[in-house]
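The structure appears right after this line, and notes come after that.
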Protein chains: 2
Amino acid sequence: MTSISVVLVDDHTVVRSGLKALLGTQADIAVVGEAASGEEALEAAQQHAPDVVLMDLAMGAGMDGIEAIKQLRQRTPKQAIIVFTTYDSDADIVRAVDAGAMGYLLKDAAPEEIFAAVRGAVQGKSVMSAPVASRLFQQLRNPDEILTPREAELLSLLTEGLSNRDLGKRLFISEATVKTHLAHIYAKLGVETRAAAIATAIRREGMR
Amino acid sequence: MTSISVVLVDDHTVVRSGLKALLGTQADIAVVGEAASGEEALEAAQQHAPDVVLMDLAMGAGMDGIEAIKQLRQRTPKQAIIVFTTYDSDADIVRAVDAGAMGYLLKDAAPEEIFAAVRGAVQGKSVMSAPVASRLFQQLRNPDEILTPREAELLSLLTEGLSNRDLGKRLFISEATVKTHLAHIYAKLGVETRAAAIATAIRREGMR
DNA sequence: ATCAGTATCAGCCAAAAGGTGGAGAGACCA
DNA sequence: TGGTCTCTCCACCTTTTGGCTGATACTGAT
């Protein structure tokens, strides 16, 4: 049987090197390429045509992980993409799965989990770390708490500290509309003030 | 010349494995032990008596990195401790240096930077990643921007989304005093609204 | 003894944010 | 076709915040 070819995408040399070392212990898995950015990832995926792309979502400058996933899916749809990242942020998980990720692993995953995910991915199985799976499950169970795309967009700008007026300008909508969206966001997040909304947004969507 | 012995502390197997692989390429550096938590770190440091401890600050459960640094400094003061972490948060940097860290590297550091830090540490040199150094420098240069203890306390509660009234109750001061403190905080942070203050506070102190 | 820094409080006023209720347009699905 | 979502907008009113000015009191250093 041919071994599974993998391309690693992560802006941290240490992490790439660690993955390479770990995956290298498995006879049926071969790392055929590496990339440190979204742009490089596209190149590497084209050049090496791997079975699996294992990538981080957060990539310093340039294209972010989600965007890279989308483009990879378009250009080389046969490759399975596994997200390998530090945080189990709700937003990231949904967006990554939405963009076409096959699996979602956290960086504190045990080596065996990583191996299993890579092997599963080539068979079309999707593997996620336990905390990730439970978060996804929770989101499916409480559809009332899911923000609409527009609301999510607004919330993300909110976390930059903008006023209602600024939000309106930025999104080309009236201040009234901003207030409407905000009211809905507050209700969904279970808070009453923008301050609390920002706090929960950053803590839940952002990072921990 | 004897080689430099290093103990790695990080709860991510991948990162430990990556560091081991990278450091393994250097003839004068030998990884003699690993630990996945603060508690294990103390054990490993005692057992292997390494020249250098390279450790992450964020460690899932149990003792955090800062606490581990403090205890290491007490028990085995001769070992140089280098922090190796993902974020350059102001608070973490100050606390780590305060606790006795010799160096502060970010995980996106180039391998050469890591080697240099390890070699420097045994000679008593402190090495930090450029962004880290610039943050420290900035803090020293702009004492005006340093919050007083009371202000910091307020800011931390602010990031929980409390109203002025609630802040007052929580701190046993009047709403007027809360407003005064807030005005000072805004000025020091360079923002105009509480929303922006929360955003910068969480991003600066916490994580990004 | 004076001065700088910190922490506390007050009052006033303008601006921003939040609550309520209502409404129209377009998309999508049953 | 009718129902449900989503996004957009408006008016009215209350509450909260922020800007400004000024004041008292304690601490510690000069």
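Bear in mind the structure is a predicted one, so any value in this text is a computation, not a measurement. Residue numbers begin at 1 in each chain, while the letters A, B, ... track the order of the sequences.
Salt bridge status for B:Arg16 with B:Asp11: absent, with no side-chain N to carboxylate O gap under 4.0 Å. Ion pairing between B:Glu153 and B:Arg170 fails under the 4.0 Å rule for side-chain N and carboxylate O.
No donor-acceptor pair closer than 3.5 Å links the side chain of A:Ser129 to the backbone N or O of A:Leu105. The main-chain N or O of B:Asp56 is never found under 3.5 Å from a side-chain atom of B:Asp10 such that the two would form a donor-acceptor pair.
Taking atom CG of residue B:Asn164 and atom C1' of nucleotide C:dA16, one finds them 13 Å apart after rounding to whole Å. Remark: P of C:dA17 and NE2 of A:His181 are 16 Å apart, rounded to the nearest angstrom. The interatomic distance linking B:Arg165 (CZ) with C:dG18 (P) rounds to 15 Å, in whole Å. Rounded to an integer number of Å, the gap from CG of A:Leu158 to P of C:dA16 is 16 Å. Between the P atom of C:dA7 and the CG atom of B:Leu167 lies a distance of 15 Å, rounded to the nearest Å.
Protein chain B contacts DNA chain D from D:dT16 to D:dG19, reading 5' to 3' and using non-hydrogen atoms of the protein with a distance under 4.0 Å.
OP1 and OP2 of C:dA7 both lie 4.0 Å or more from every side-chain N or O belonging to B:Thr177. Side-chain nitrogen and oxygen atoms of A:Arg194 include at least one within less than 4.0 Å of the OP1 or OP2 phosphate oxygen of C:dA17.
Between B:Glu151 and A:Lys179, the residue anchored nearer the 5' end of DNA chain C, judged by the nucleotide with its closest heavy atom, is B:Glu151.
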Per-nucleotide protein contact string for nucleotides 20-30 of chain C (B base, S sugar-phosphate only, - none; heavy atom under 4.0 Å): -----------
Criterion side chain to side chain contact (heavy atoms under 4.5 Å, CB included) on A:Met55 and A:Ile69, from CA distance to verdict: CA-CA 9 Å; A:Met55 68 181 229; A:Ile69 293 178; 3.4 Å; yes
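When each of C:dG18, C:dA7, C:dC9 is scored by its nearest atom to the side-chain atoms of B:Ser174, the top-ranked nucleotide is C:dC9.
With 3.5 Å as the limit, one finds no donor-acceptor pair spanning the side chains of A:Asp28 and A:Ser3. For A:Gln71 and A:Arg75, the side-chain atoms include at least one donor-acceptor pair closer than 3.5 Å. No hydrogens or angles considered: a donor-acceptor pair under 3.5 Å links the side chains of A:Thr177 and A:Ser174.
Residue B:Glu175 is out of contact with every strand shown, counting any heavy-atom pair closer than 4.0 Å.
With sequence neighbours excluded, no residue satisfies side-chain hydrogen bond (donor to acceptor under 3.5 Å, both in side chains) with A:Gln74.
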